[in-house]
Number of protein chains: 2
Amino acid sequence: MNYTENSNDAKRRELGSSTRATGSVTLNDVAKLADVSPITVSRAINQPNKVAPKTLERISQAISRTGYFPNQLASGLASRRSHLIAAIVPTMANSVHAETISFFCDRLRDSGYQVLLGETGYSEDQEESLIATVLSRRPDGILLTGTSHSKTSRRLLIGADIPVVETWDLTPTPIDVVIGFSHQHIGQAVAEYLLNKGYRHIGIVSASDNRAKIRARVFIETLARHGNIEVAVSFVSELTNFRLGREGLAHLLDNGFGEGAVFCSSDTLAQGALAEAQARGLLIPDQLAIIGLGDQPYAAHTYPALTTVRFDREIMGRRAAEALLARINGEPVTENCIDIGFSILERETT
Amino acid sequence: MNYTENSNDAKRRELGSSTRATGSVTLNDVAKLADVSPITVSRAINQPNKVAPKTLERISQAISRTGYFPNQLASGLASRRSHLIAAIVPTMANSVHAETISFFCDRLRDSGYQVLLGETGYSEDQEESLIATVLSRRPDGILLTGTSHSKTSRRLLIGADIPVVETWDLTPTPIDVVIGFSHQHIGQAVAEYLLNKGYRHIGIVSASDNRAKIRARVFIETLARHGNIEVAVSFVSELTNFRLGREGLAHLLDNGFGEGAVFCSSDTLAQGALAEAQARGLLIPDQLAIIGLGDQPYAAHTYPALTTVRFDREIMGRRAAEALLARINGEPVTENCIDIGFSILERETT
DNA sequence: TTGAAAGCGTTACCAA
DNA sequence: TTGGTAACGCTTTCAA
């Protein structure tokens, strides 16, 4: 049979240029050139092993001759597989999320998926409207940051009936799968670490997002309970940066905090605090010990805070991607709550 | 007229459950409930002012009653407006790109667009395959990083016939629009700055991506020409981090570089270099002046490098978004080459 | 191994 | 202001 023309073409000509012409090459054009049916071209692309080698050859020549480009919108619509994964983060300006997403993208690209990005700016309302927007693209899966979402968000996600991975935290009641670590445990572990080290003057410079607040709360409670210690506290905004770290420590020092140890809720804050301490001529770590959190790549052993709390963004990003892929492919997911843990990395005191 | 049923429904019933059922609510379902035609529902959503208030009311009730969710894949296919913008960056793990994209997303979201993210890992081949992949989603526009792309990439982009914004650099021959600053000028300006300050012992710790290499080359040439100065050079990888900054400066110092000034090709490298200098007990900036580049937010006036070269990622991200939107909406674009400039920010020497 | 027909959920085009 | 009809470009389903 000869696919020189199809009904669309006939109509197109018949109606003059009034039909919606796209100008771009379609599966049909390739099919005509290769003298096969459109469906065979589709198979040649998606399941080449189900097409005879000779046919395949003809088709791939036709493809390169025409410069054909599959249209994934059409493909997604017809197959209800968009090959799109949505990722919702507070902000890419925070390097911890940027890096997680970077690993997440890497892993997904290897499996033919692309990432649709959304930023909430740490707002649950914004997250809600973002979820609604991205779901209208019919993603095959979605990554969320954190485990706290509005009622509506949860309803939308459950209604969408796609795999959901929550990251950066743990919860006994995940929407679907959760990958992260316990912020309570970090607060407690750092507090106990400092108590064991014998510190009695302890401060905290903390960001004010949900997760940082939980770490701070447990940190403070643990110190109060086990060491009967009152903690000097300085909260900064959700968005943290170098300057806020300086200002945070300055605030503590200006309000009577002398020598001791300070827990900063991110590496960025820790580095700022460090600069402030150095500017004031404090000896690190003898007069002031600084603990960061996050272990930004390769920083752990090089920046002169006493200690850093480390967790692995690569593992989180990669495993989040793998969990979604497994769910999408209907593989049995054994764990729906993955604790990647953390470790307190002690530096040699120079 | 009563839209209680349409031909699809009839067939669906007729054929039993053998038709492809999606389970999800469609425009048709809403239309039936509101007793209007599907196209009217579509209008109610996209051009509400073209629909009678009473009809609108009935439709919006039907929408909320059914929990209807527009399907943007279908919409994009039918209207050839995907409302998707692709963003291709080397890596989100580099904060300069993460922040640019963050501003880019913000601006686009305000106009109802979403961002499809792709990372090239600084590879032109990877960029090429990524461009091919994202174009199959029929984005309405695309942001690229840099101005150096493979022949095939350029062909693909031109063939796609969508607005293209190149960022982070300038070129007299952009594919479409380019927004950035001149890396040649930076290399020259920093060299001249140091010469004017009277420095005669000068080093550079540079990343090895294309743009950094250009800055380094012009920097070195300018110093050689105007000051007859030989520069101590230390190149690190494309991906830069704190540790590499330390190692880069260590390399210079271990190879005979004494006091003077060092130009680091990013803030991250500068901070690492700073740590190394401090570890060696060098006085900053009296014995060693360090110049960073990028001005990561709020760092400029707080971290104790002598100077930083600043450019504005917010402007770059936002204007890139606006240029694309303008092109998409067919507005006349007056400039196709936007130089956002840079400035050398001198710190008070504490 | 290949194909015909129908459909995915939406919007463009014209007509009323 | 509203609607009928066809189409967007692909894949599913079933049949050969």
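Numbers restart at 1 for each chain; the letters A, B, ... are given by sequence-line order, proteins then strands.
Ion pair K32(A)/D35(A) not flagged as a salt bridge, since none of the NZ, NE, NH1 or NH2 atoms sits closer than 4.0 Å to an Asp/Glu carboxylate oxygen. The existence of a salt bridge linking E322(A) and R327(A) is excluded, since no basic side-chain nitrogen approaches an acidic carboxylate oxygen closer than 4.0 Å.
Applying a 4.0 Å cut-off to non-hydrogen atoms, the residues of residues 39-51 of chain A that approach DNA chain C are I39(A), T40(A), R43(A), V51(A), listed by residue number.
Separating the CD1 atom in I328(A) from the OH atom in Y113(A) is a distance of 4.0 Å, to the nearest 0.5 Å.
Atom CZ in R137(B) sits roughly 13 Å away from atom C1' in dC10(D) (whole-Å rounding). Regarding I59(A), its CD1 atom lies at a distance of 8 Å from the P atom of dT2(C), rounded to whole Å. The distance from atom NZ of K32(B) to atom P of dG3(D) is 15 Å, rounded to the nearest whole Å. Remark: P of dT10(C) and CG of L73(A) are 14 Å apart, rounded to the nearest angstrom. At whole-Å resolution of the value, CG in N28(B) and C1' in dG9(C) are 8 Å apart. Whole-Å rounding puts the Q72(A) CD to dT11(D) C1' distance at 12 Å. Between the CZ atom of R58(B) and the P atom of dT1(D) there is a distance of 15 Å, rounded to whole Å. Rounded to a whole Å, the CG atom of L77(A) is 7 Å from the P atom of dG9(C).
Projected onto DNA chain C by closest heavy-atom contact, Y68(B) and P53(A) fall at different nucleotides, the more 5' of which corresponds to P53(A).
For dG3(C), the OP1/OP2 oxygens have a side-chain nitrogen or oxygen of S37(A) closer than 4.0 Å. Proximity of T55(A) to the phosphate of dT2(C): a side-chain N or O atom is located under 4.0 Å from OP1 or OP2. Under 4.0 angstrom from either OP1 or OP2 of dG9(D) there lies at least one side-chain N or O belonging to R80(B).
In this structure, L143(B) and T100(B) have side chains that are not in contact, with every pair of non-hydrogen atoms separated by 4.5 Å or more.
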